[in-house]
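In each ligand, atom 1 is the first atom listed, and ligand 1 is the first ligand listed.
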Amino acid sequence: MGLSKAALTFFSLLQLSACQVDYSQYVNPLIGSSGPFEGQAFGGGDIFVGGALPFGVAKVGIDTAEANLSEATLNGGYTPKGKVTAISMMHESGTGGSPKYGIIPQMPLTTIKHPVNLLDNRTYWQERVGDDTAQVGYFKTKFESGVTVELSGSRHAGIMQYSYPSGKQYVLVDVSHYLPDGLGGYSDQYYIGGEIHVESNRSQYTGYGTWIGGWNEGAPYTVYFCGEFEQAPDEAQTFRGRNTDPIRGFHTFSDQPIAQAILGNVSEASGPLNDRVGALFTWNGDSGSTVRSRVGISFISSEKACMFKNTEIPSWNLNTTVSAAVKEWNQDVFSKIKVPTDDSANRTNLVLLYSSLYFMHLMPSDRSGENPLWESSEPSWDDFYTAWDIFRCTVSLYHILQPVYYESMIRGLIDIWRFEGYMPDGRSGNYNGLVQGGSNADNILADAYVKGLRGAINWTDGYAAMKKDAEVLPYNTFSPNDETSSVKEGRGALFDWIPLGYVSADRTYRPVSRTVEYALNDFALSQVAKGEAPGDVQKYLKRSAGWQLIWAHNATSIDTSPKFTGFLAPKNADGRFNITDYNPALCGGCEWSDISYEATPFEYSFTIPHDLETLIQFMGGTASFERRLDYIFQPNTSQQNLGANGAGITTIMNIGNEPDFATPYHYNYINKQYKSVMRGRALANEFFHDADYGVPGNSDAGALNSWLIWQMLGMYPIVTQPVYLIESPWFNDINITVGANKTLRVTANGLGQDSYYVQSVKINGKDWNKNWFEHDDVMANGGTIEFNLGNKQTKWETGDVPPSPGHMVLPTSSNGYLNGTSK
Ligand SMILES: *[C@@H]1O[C@H](CO)[C@@H](O)[C@H](O)[C@H]1NC(C)=O
Ligand SMILES: *[C@@H]1O[C@H](CO)[C@@H](O)[C@H](O)[C@H]1NC(C)=O
Ligand SMILES: *[C@@H]1O[C@H](CO)[C@@H](O)[C@H](O)[C@H]1NC(C)=O
Ligand SMILES: *[C@@H]1O[C@H](CO)[C@@H](O)[C@H](O)[C@H]1NC(C)=O
Ligand SMILES: *[C@@H]1O[C@H](CO)[C@@H](O)[C@H](O)[C@H]1NC(C)=O
Ligand SMILES: *[C@@H]1O[C@H](CO)[C@@H](O)[C@H](O)[C@H]1NC(C)=O
Ligand SMILES: *[C@@H]1O[C@H](CO)[C@@H](O)[C@H](O)[C@H]1NC(C)=O
Ligand SMILES: *[C@@H]1O[C@H](CO)[C@@H](O)[C@H](O)[C@H]1NC(C)=O
Ligand SMILES: *[C@@H]1O[C@H](CO)[C@@H](O)[C@H](O)[C@H]1NC(C)=O
Ligand SMILES: *[C@@H]1O[C@H](CO)[C@@H](O)[C@H](O)[C@H]1NC(C)=O
Ligand SMILES: *[C@@H]1O[C@H](CO)[C@@H](O)[C@H](O)[C@H]1NC(C)=O
Ligand SMILES: *[C@@H]1O[C@H](CO)[C@@H](O)[C@H](O)[C@H]1NC(C)=O
């Protein structure tokens, strides 16, 4: 579904003073709404579409059901052609796995006559007609029933406007609604109870619902609501019915058909059988009319939900909320990166830049003041979905663009450790999980620390939280995903990592990817230890070299030309590699129980950001490293089918998934920066578009979008180091607001369609001969980077290659193997 032309101009008439630009006009909120198959969400971005604020709690949008639920990706609620089952208040954006949220709904209906059963969404769900309209803070769609839905959102509330054709007007509130999973597995979420109460004047209703499960295998969480209609309905009735969804461990009626809703009360509660509850509101006006509603949500109480509704959305005019959202997005997000928007600007590039900024600010959620689990004066954050996705290059953008939010977010992470014992890798619905690899909050904290973020962060506690990850084995969650170790939090394979120095292939799963991630996690500890616990620095540095213990120096690639020797490989706990018939370009399915997660050992063999020096040496030196890098960009080299995680990608290099994010830029480490520029541009041009299928796979809470932003800015951050690689910008003038109120100005002289290779660079007015710079050079206090670009591929850099601060080579044992010696 395309963005209609009307949508592009609809809100561009907003009142802005002469010097301000309405950057929101360049946001296409539908980028990522579709996958490679036209009109289907499968393999797409799984994005949320609707009304939301930066890091807001409410994400107000439609929930849909696709025809083939087993191929459906409903995680953000929106699919291009799915039938609408509700408009609901909470969503994730960009996530894979099983859906979470899609809760606190309303559904406008034009009839409740048979066969409509209010407890059976398939009897009232709606096809859409025409194109949807999506803009920052605004969404509009039309149902086959003739109802037009418009909506917007504030931080904890939403406003909906339903325009009905002639006939009566109904609004259904099915508290038991949530986004289902087509597969019906262990990671399904379920509604397990709630209450609803209609006030005596019929125009306001309050209550709560409780849900469990979802992708992160979460504990029950409760969300309170407070809904109100502008005009009191003529009739308001609640209903209740047996729950027939098959929920493990709860009372249901799951072998029975869906119950019929019986209307008639003003209050309903689920009771001990987890009954479904809801309400129906009816207006008898028969000439067609508009119903407006505001709904507030809270994790604390329905009173608080009412308060949010009343204070955040004081007006029944939808436009007021839309304008407020546009203003906040412009001020707090888009204007942090200013590029020329005059007639000479390339509109596509403006759309890619500002849409990417939009998507990377939808998650996590700032739930400060809304923590139901413990009393604390610290900020509260949720919906890290997941650190595994955002640690690589998203948080480093938060660092420079959103220092206030970012400091708060880190305090929130540490507070979770303080009260629950571990920081999360994933967290949603106030529950830690799932951990895909390492304990990557460690990387986030270290990245902030080495770049000097202090503020009100208690770094004594921050380091203690990291040390918990590094030293204390979390209890086993026995998840069907991985019954060998915890997937909830911490590092489930510490039982190997601490005694052996690597994660073994015979005692647990994902040995290759978890070894690589634990190594970086321990490097992260060593960097924070420098300031917080100097006695620990050497210990964690040494552990950060653990990846070398699973480097099989004589493992060779199979079916590649040329052949490459030396790869990460599965190694058993007795110290022996299991590399008979080993093909590093295969991973099984790159799933939970495979040797590596969501990327092959071939790819993971490049992901040692803290010690490229040793890596290059292990791969046989710079020439052989370069040949191997060149190879992974050749088409039709991928041997592993990655399914939706690598849709349409035939190279070993997979930009659709996070592990490879930094790999295209590795040429900087051999002083051939022009090749990094070539690879980065080629990937961006091939896989990122101003189109529904505009990101290569799940946007992963904006992780993919943030990769593109760095590419467009002409630099790339090296996580856990205060270091940025120099690439090549897409705009001739960029003003980036860094650290709240300083400016980094990036200019590109000579930039053109085929003219983007660096000829020379000046930083802060001085000639620069290295292809990297440090945080303090331009990010801490602002500064300038002046690029001279041309169409000639030039080896312009003569200075030192980027640093390898974790550099060390573990001793080789007599049999030619590295054995675990880290203790
Ligand atoms: C429709 O409702 C049924 C019964 O609660 C539920 O099992 C199913 O997942 C819902 N389908 C959608 C698409 O919401
Ligand atoms: C739904 O998708 C699955 C998985 O691709 C496929 O096996 C099945 O045949 C599809 N069902 C229908 C009705 O299209
Ligand atoms: C209905 O009652 C609620 C709660 O008592 C109140 O906040 C709201 O303003 C009332 N609405 C109307 C239209 O009277
Ligand atoms: C109203 O609620 C009462 C108490 O839960 C219940 O006995 C009665 O059946 C309900 N009436 C209808 C019409 O659902
Ligand atoms: C909402 O804003 C649009 C664009 O500025 C305008 O055309 C429309 O009339 C406004 N609607 C209301 C109800 O103010
Ligand atoms: C960047 O800032 C400089 C100095 O204020 C200004 O001259 C230039 O026009 C700005 N460029 C953009 C794209 O905003
Ligand atoms: C705008 O930039 C895109 C790359 O993002 C390029 O494909 C396109 O040709 C450019 N358009 C114009 C008019 O230069
Ligand atoms: C950090 O928190 C600990 C308790 O968790 C406290 O003892 C210490 O004083 C705090 N440090 C600072 C600088 O506030
Ligand atoms: C790899 O090297 C080791 C030690 O030198 C040797 O035992 C082993 O057979 C070699 N494996 C292969 C596949 O060449
Ligand atoms: C590796 O070290 C372990 C424990 O120190 C020892 O039992 C094992 O024999 C060693 N394996 C090899 C291949 O050297
Ligand atoms: C080696 O790996 C293969 C494939 O994963 C497995 O079937 C086999 O049992 C392993 N052998 C040993 C000795 O661990
Ligand atoms: C700049 O931002 C810092 C950090 O938020 C603040 O302390 C300082 O007062 C600000 N300076 C100005 C001139 O706004």
Can you give me a line-by-line list of nitrogen or oxygen pairs between ligand 6 and the protein shorter than 3.5 Å?
residue, atom, partner, partner atom, Å
ligand 6, 2 (O), Asn735, OD1, 3.2
ligand 6, 2 (O), Asn735, ND2, 2.4
ligand 6, 11 (N), Asp733, OD2, 2.9
ligand 6, 11 (N), Asn735, ND2, 2.8
ligand 6, 14 (O), Asn735, ND2, 3.1

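- If you check the side chains of Tyr205 and His197, you find no donor sitting under 3.5 Å from an acceptor.
- Environment of NZ in Lys467: crowded, with over 12 heavy atoms of neighbouring residues, nucleotides or ligands closer than 6.0 Å.
- With a heavy-atom cut-off of 4.0 Å, Asn458 touches ligand 8 through its side chain alone.
- Less than 4.0 angstrom separates some heavy atom of Ser203 from each of these atoms of ligand 3: 1 (C), 10 (C), 11 (N), 12 (C), 13 (C).
- Residues Arg292 and Glu228 have side chains not in contact (no heavy-atom distance under 4.5 Å, counting atoms from C-beta outward).
- Put simply, no part of Thr460 is less than 4.0 Å from ligand 8, judged by heavy atoms.
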Output, in order, the C-alpha distance, side-chain angles, deciding distance and verdict of salt bridge (Lys or Arg N to Asp or Glu O under 4.0 Å) for Arg491 and Asp469. CA-CA 6 Å; Arg491 297 189 215 166; Asp469 284 336; over 6 Å; no
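- Annotation: ring pair (Phe, Tyr, Trp, His ring centres under 6.0 Å) contacts involving residues 282-323, sequence neighbours excluded, comprise His156-Phe308, Phe229-Trp283.
- Between the side chains of Ser293 and Gln106, a donor-acceptor pair is found at a separation under 3.5 Å.
- A perpendicular orientation is assigned to the rings of Tyr164 and Tyr162, their planes being inclined by more than 60° (bins at 30° and 60°).
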